[in-house]
> 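Got a structure here, written out as C-alpha cells. Questions coming.
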Amino acid sequence: MAHWLMKSEPDVFSIDDLKRKKREAWDGVRNYQARNYLRAMAVGDEALFYHSSCAVPAVVGIARISRAAFADPTQFDPASEYHDAGSKPADPRWSAVEVAFVRKFKSPLTLERLKSMPELTGLPLVQRGTRLSVMPVDELQWRAIVEAGS
DNA sequence: GCCAACGTTGGC
DNA sequence: GCCAACGTTGGC
C-alpha cells in the first residue's frame, strides 16, 4: 500500500471539513506531476493531510483514498475556476480521486518540525522551491511523521 | 503583502 | 526548439 501527502488550503478545505463530510472529491489539481500521482493512487492508500498557505503550515491528519482516479468534473464546467476549455470529454486531461477521513493528529506537525526531521530530507515538501501539491511518501517517512503526530 | 522558485505560454 | 514574459504557489 502506497502512501501520499496532499496539500490543501484550510481556508478552502480543512481536515475538519473532511471530518465533518466524511468523504470528499479531491479535484482541481492542475499540475501534470501531481495529476500523475493522483492516477497512481489505489483505493486503501493512505495520505497525510497537509495545511498550506496558512499561519502554521502543518500535517494535520490522515485520509484514505476511497475512490481511484476518475475524470475531474470541474474541468468541463465553464462556471468552475478549474474549467479547462482545452480538455476533451473523450480524453480528459485532469483527474481527481475521492478521499475519506481517517483521523486527526493530536497536534499539528508543523513544517518547521518536519524540516528538522532527518528522515524527511528527500521529501519534496521540505525542499526549497518545491510547490508540488501531491507527492509520494515512503515507508520510513510515513512512520516518522505518523509517530511524531500521534 | 512580498518575493523566490517554478511551470506554462507563445512569439520567433 | 528556444527563451522571455507571465502567472501561480506558498513560505515568510
Side-chain angles (χ1 to χ4, degrees), chain A residues 2-21 24-41 45-65 69-138 140-150:
Chain A
H3 291 125
W4 310 93
L5 182 145
M6 302 168 86
K7 294 181 185 176
S8 183
E9 299 185 20
D11 291 349
V12 178
F13 189 74
S14 71
I15 187 83
D16 289 322
D17 293 327
L18 182 60
K19 184 177 184 181
R20 184 164 34 82
K21 299 183 74 174
E24 183 77 353
W26 202 276
D27 56 21
V29 170
R30 294 293 180 271
N31 167 278
Y32 287 104
Q33 196 179 355
R35 179 207 68 181
N36 292 342
Y37 287 134
L38 290 179
R39 290 180 176 179
M41 290 176 177
D45 283 358
E46 289 190 313
L48 299 164
F49 196 114
Y50 178 83
H51 282 173
S52 67
S53 290
C54 56
V56 185
V59 173
V60 291
I62 298 175
R64 180 173 36 80
I65 308 306
F70 55 97
D72 180 347
T74 63
Q75 69 196 303
F76 304 124
D77 177 3
S80 169
E81 61 174 313
Y82 301 119
H83 181 238
D84 181 352
S87 182
K88 304 278 183 301
D91 182 24
R93 185 176 287 169
W94 305 111
S95 298
V97 297
E98 185 193 73
V99 301
F101 178 78
V102 174
R103 65 189 171 89
K104 234 178 120 169
F105 279 178
K106 285 200 170 60
S107 59
L109 190 52
T110 66
L111 180 60
E112 187 184 15
R113 270 197 71 199
L114 294 168
K115 283 179 173 171
S116 76
M117 294 167 63
E119 299 93 335
L120 306 184
T121 49
L123 188 66
L125 182 77
V126 299
Q127 284 166 359
R128 164 192 160 90
T130 306
R131 298 175 306 180
L132 192 60
S133 64
V134 178
M135 69 190 75
V137 174
D138 72 26
L140 185 73
Q141 294 164 345
W142 177 267
R143 277 201 298 271
I145 295 171
V146 170
E147 210 165 290
S150 297

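Numbers restart at 1 for each chain; the letters A, B, ... are given by sequence-line order, proteins then strands. Heavy atoms only: backbone and side chains are in, while hydrogens, waters and symmetry mates are out.
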> Between the protein and nucleotides 8-12 of chain C, list the N/O to N/O atom pairs that are separated by less than 3.5 angstrom.
| residue | atom | partner | partner atom | Å |
| --- | --- | --- | --- | --- |
| dT8(C) | O2 | Arg131(A) | NH1 | 2.6 |
| dG10(C) | OP1 | Lys7(A) | NZ | 3.0 |
| dG10(C) | OP1 | Arg131(A) | O | 2.5 |
| dG11(C) | OP1 | Tyr50(A) | OH | 2.9 |
| dG11(C) | OP2 | Ser53(A) | N | 3.0 |
| dC12(C) | OP1 | Lys115(A) | NZ | 2.8 |

> Once the angle between the rings of Trp26(A) and Phe13(A) is folded into 0 to 90°, is it parallel (under 30°), tilted (30 to 60°) or perpendicular (over 60°)?
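Plane angle over 60°, so perpendicular.
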> Is there a side-chain contact (heavy atoms from CB on, under 4.5 Å) between Ile62(A) and Trp142(A) once you walk through the steps?
CA-CA 11 Å; Ile62(A) 298 175; Trp142(A) 177 267; 4.0 Å; yes
> Give a yes or no on whether a salt bridge exists between Arg20(A) and Asp17(A), defined as a side-chain N under 4.0 angstrom from a carboxylate O.
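So Arg20(A) pairs with Asp17(A) through a salt bridge.
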> Between Tyr32(A) and Arg93(A), is the side-chain contact (heavy atoms from CB on, under 4.5 Å) condition met? List the steps.
CA-CA 9 Å; Tyr32(A) 287 104; Arg93(A) 185 176 287 169; 3.4 Å; yes
> Side-chain donor-acceptor pair under 3.5 Å between Thr74(A) and Asp72(A), yes or no?
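Checked: Thr74(A)/Asp72(A) side chains pair up, N/O donor to acceptor below 3.5 Å.
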